There are 2 protein chains.
Amino acid sequence: MEQFAKYPQQSAWWQSWHKDPPENTRDKILYAAFCEVHLNGFQAASIQNIINSAGVTKGALYHYFSSKDEIGYALLDEIFTQYIDSTFVEVLRDTDDPISALVEHLNQTGSQMSEEDIALGCPLDHFSQEMAPIDTAFQKRLDQLYQKKHTALVDALKRGQKAGNVTRDVTAESIAMMVHATMQGCMAMAKSSRSLEMLMQCGAGLIHYLEQLRPSS
Amino acid sequence: MEQFAKYPQQSAWWQSWHKDPPENTRDKILYAAFCEVHLNGFQAASIQNIINSAGVTKGALYHYFSSKDEIGYALLDEIFTQYIDSTFVEVLRDTDDPISALVEHLNQTGSQMSEEDIALGCPLDHFSQEMAPIDTAFQKRLDQLYQKKHTALVDALKRGQKAGNVTRDVTAESIAMMVHATMQGCMAMAKSSRSLEMLMQCGAGLIHYLEQLRPSS
DNA sequence: GTTTACAAACCGACCGTTCGGTATGTCAAG
DNA sequence: CTTGACATACCGAACGGTCGGTTTGTAAAC
């Protein structure tokens, strides 16, 4: 665990999944792999780079993971699952006013993004674009993660509809897909333009859309 | 130009940029590179695969392109630019009712997508997710392409506002970003789930949003 | 005779992976 | 309290293969 010169140490993406630097060998490898994959994509991620920045040897890596693909699976099953939970599921778990919760979450997330965070974009979306079409084992795991996000959204929106905080003109499923897709698109737009302003403007559009979903407006 | 066994010959993505199979060597290389990059991403795209499927030799490839990066630049400057023009700019060029034009375009595009098209996703979005954070030369070109799309949208929306077909409650720029981001997100969602139904449902959400942008509704 | 358009052989670097070996720990038998 | 058997956690040199790229050769076009 020496240097991650190229990976932003204070990355909002990083902070979301783990506060403490990893101690045991396996976690060191996973964390280094997460950074390397986020920077270069999975296929271009180098085992050598991973072990260099993790400060472990190749033998150690292949002791814990039988192949590069297995590292990818572990990233999805452990790190990315945790990432979705902490950045999204928890935000919506206990509210019956999901619109307010989402708007607040968008504002908060946007405000604490650095230029580097924006340039790197969402690690999960990047992973999905790259690996979903290539390998069904990856695709199934990625789909599962998005399903998790989708379900959290739908449940919260249904609670909101029940509580009279969300319009019933549109189904919760439809709103959830729209919100999810648009969030993904906003991050992608900001990433390609490397512009925080772009993220905020896209976010404003999404917030405007969300506000229109309140009943009797 | 032997086989593209793994690339769908009747791909909607392919048809959009060129009707005729390429004849001269340079175009053969570019077309093969487009397929290879769309399938595997740019970094994982193999020069060997490109020359194999293009039916040319390595000497021919490096006669026309000084490096792999130059092939990527050529793809963006020529193929992808043409792709944006034919799939998007032309759709909006001469209309002052952009909402109807977009809705029709979405319905038409969605209906002619195969399962393979969906699994592969938008080639430009994939390229952008992968290369924008890594290399500024790529990022600038990618940003330029999205700007082209954005400008086409903004111009059409402003004409629509002038003609009274689009609400003036929201700026054309804001609508354009929202539409662009959501389209991107819809394609990404459908890609990761490999589901045509997902694409149609996301598209329905976007269409609903668009219809709400008509004045006095 | 020079230039253009390839063709084919070849290069070192790096890839993911393997494998023989070691250091340390555990735990039960003697 | 020691000893032998086995397990876990590594170590790092080496492997076959592929990578992007180069060099040299050739034959037609101008």
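Remember, predicted model here, so these are calculated numbers, not experimental data. These values consider heavy atoms only, across backbone and side chains, with no hydrogens, waters or symmetry-generated copies. Chain naming here is simple, since letters A, B, ... match the order of the sequence lines and numbering starts at 1 in each.
Within 6.0 Å of CD on A/E70 lie more than 12 heavy atoms contributed by other residues, nucleotides or ligands.
As a whole-Å value, the separation of B/L61 CG from D/dT23 P is 16 Å. Taking atom OH of B/Y62 as the reference point, atom P of C/dA9 lies 18 Å away to the nearest angstrom. One interatomic measurement links the two molecules: CD of A/Q43 to C1' of D/dT18, which rounds to 14 Å at whole-angstrom precision. Here the P atom of nucleotide C/dA5 and the CD1 atom of B/I51 are 19 Å apart, to the nearest Å. Taking atom CG of residue A/D27 and atom P of nucleotide D/dA9, one finds them 13 Å apart after rounding to whole Å. Distance CD (B/E36) to C1' (D/dC19): 13 Å, rounded to an integer number of Å. Taking atom CD of B/Q48 as the reference point, atom P of C/dA8 lies 12 Å away to the nearest angstrom.
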Verdict with reasoning, A/L102 to A/L206, per side chain to side chain contact (heavy atoms under 4.5 Å, CB included): CA-CA 10 Å; A/L102 280 170; A/L206 176 55; over 6 Å; no
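The nearest heavy atom of DNA chain C to A/I47 and to A/G59 marks one nucleotide each, and the one closer to the 5' end goes with A/I47.
There is a side-chain donor-acceptor pair under 3.5 Å between B/D125 and B/Y146.
Comparing D/dC19, D/dG20, C/dG16 against the side chain of B/K58 picks out D/dG20 as the nearest. Candidate nucleotides D/dC19, C/dG16, C/dA7 were compared by shortest atom distance to the side chain of B/T57, and C/dA7 ranks first.
Near DNA chain C, meaning a heavy atom under 4.0 Å away, the residues from residues 63-73 of chain B are B/H63, B/Y64. Contacts between residues 127-141 of chain B and DNA chain D, defined by a heavy-atom separation below 4.0 Å, involve no residue at all.
B/K148 has a carboxylate O that lies under 4.0 Å from a charged side-chain N of B/D85, or vice versa, which qualifies the two as a salt bridge.
The structure places CD of A/E115 at 5.5 Å from CG of A/L196, a figure rounded to the nearest 0.5 Å.
Proximity of A/T136 to B/R194: side-chain heavy atoms (C-beta onward) are separated by under 4.5 Å at one or more points. Considering only heavy atoms from C-beta on, A/Q144 stays 4.5 Å or farther from A/T81 through its side chain. Residues A/L106 and A/L210 are in side-chain contact: their nearest non-hydrogen atoms beyond the backbone lie under 4.5 Å apart.
Taking the six-membered ring where the residue is Trp, the centroids of B/F138 and B/F127 are separated by under 6.0 Å.
Neither OP1 nor OP2 of D/dA9 sits under 4.0 Å from any side-chain N or O of A/T25.
Using a 4.0 Å heavy-atom criterion, one finds that B/A44 contacts no nucleic acid atom at all.
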